[in-house]
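To start, the structure itself, in C-alpha cells.
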Amino acid sequence: MEQAAEELNVKESLIRGLIKTGELRALQVGGRGLWRVGRQDVEDYIAEAYQRTAERIAAGELEDAAEVGDQQ
C-alpha cells in the first residue's frame, strides 16, 4: 500500500479507502493479512480515473484544463 500511495501521491489511508470501496483492486496475503496492490491494478485505477475525469468534463461537471490555464 505504501508504494501505491507513493505512486498516486496520496496518503495510505486513501489507498485503504479505495480498496474498501472496491475502486482499487488489492489482495491480502500472509498470516498477518498484509495488503498488496499490483502495479497493473494501480495503472488500471489511473486509467479509469482519467476516463471518469474526461466524462465529467464533457458533461460540464468540471472545468477543462484549457479554461483553468486561461484563468491563471
Side-chain angles (χ1 to χ4, degrees):
M1 284 199 310
E2 181 181 338
Q3 290 174 333
E6 186 176 313
E7 178 73 22
L8 296 172
N9 197 28
V10 298
K11 294 184 179 186
E12 283 187 52
S13 59
L14 180 59
I15 298 298
R16 282 188 207 93
L18 292 171
I19 291 169
K20 186 175 181 178
T21 63
E23 292 180 67
L24 180 61
R25 284 177 24 125
L27 59 103
Q28 275 188 304
V29 296
R32 297 187 323 193
L34 298 175
W35 284 99
R36 299 288 182 226
V37 180
R39 178 166 299 283
Q40 187 61 51
D41 294 316
V42 172
E43 291 174 9
D44 290 346
Y45 174 80
I46 292 169
E48 290 169 11
Y50 275 122
Q51 181 63 37
R52 286 191 304 269
T53 301
E55 289 169 0
R56 291 180 67 195
I57 290 170
E61 296 175 19
L62 296 174
E63 298 174 343
D64 69 26
E67 290 175 2
V68 172
D70 290 344
Q71 293 175 1
Q72 294 179 355

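These numbers were taken from a predicted model, which means no experiment stands behind them. Index from 1, following the sequence.
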Would you say Gln51 and Glu55 are linked by a side-chain donor-acceptor pair, where the criterion is simply a distance under 3.5 Å? yes

Would you say that more than 12 heavy atoms from the other residues, nucleotides or ligands in this model lie under 6.0 Å from the CZ of Arg52, or not? yes

Quick check: is Ile46 connected to Ile57 through a chain of hydrophobic side chains (ILVMFWY, heavy atoms under 4.5 Å apart)? no

Taken to the nearest 0.5 Å, the spacing of Arg16 CZ from Lys11 NZ works out to 11.5 Å

Cluster question for you: counting only ILVMFWY and a side-chain heavy-atom cut-off of under 4.5 Å, with indirect links fine, are Val10 and Met1 together? yes

Nearest 0.5 Å, please: how far is CD in Glu48 from CD in Glu23? 9.0 Å

With a 4.5 Å cut-off on side-chain heavy-atom distances among I, L, V, M, F, W and Y, is there a chain of contacts connecting Leu18 to Tyr50? yes

Please examine the side chains of Trp35 and Ile15, heavy atoms only from C-beta on, and report whether any two atoms are closer than 4.5 Å. no

Any idea which heavy atoms bring Val37 and Arg25 closest together, and the distance? CG1-O, 3.7 Å

To the nearest 0.5 angstrom, please state how far the CD atom of Glu6 sits from the CD atom of Glu2. 7.0 Å

Check whether more than 12 heavy atoms from other residues, nucleotides or ligands sit under 6.0 Å from atom CD of Gln40, and answer yes or no. yes

Are Leu24 and Leu14 grouped together when hydrophobic residues (ILVMFWY) are joined by side-chain heavy atoms under 4.5 angstrom apart? yes

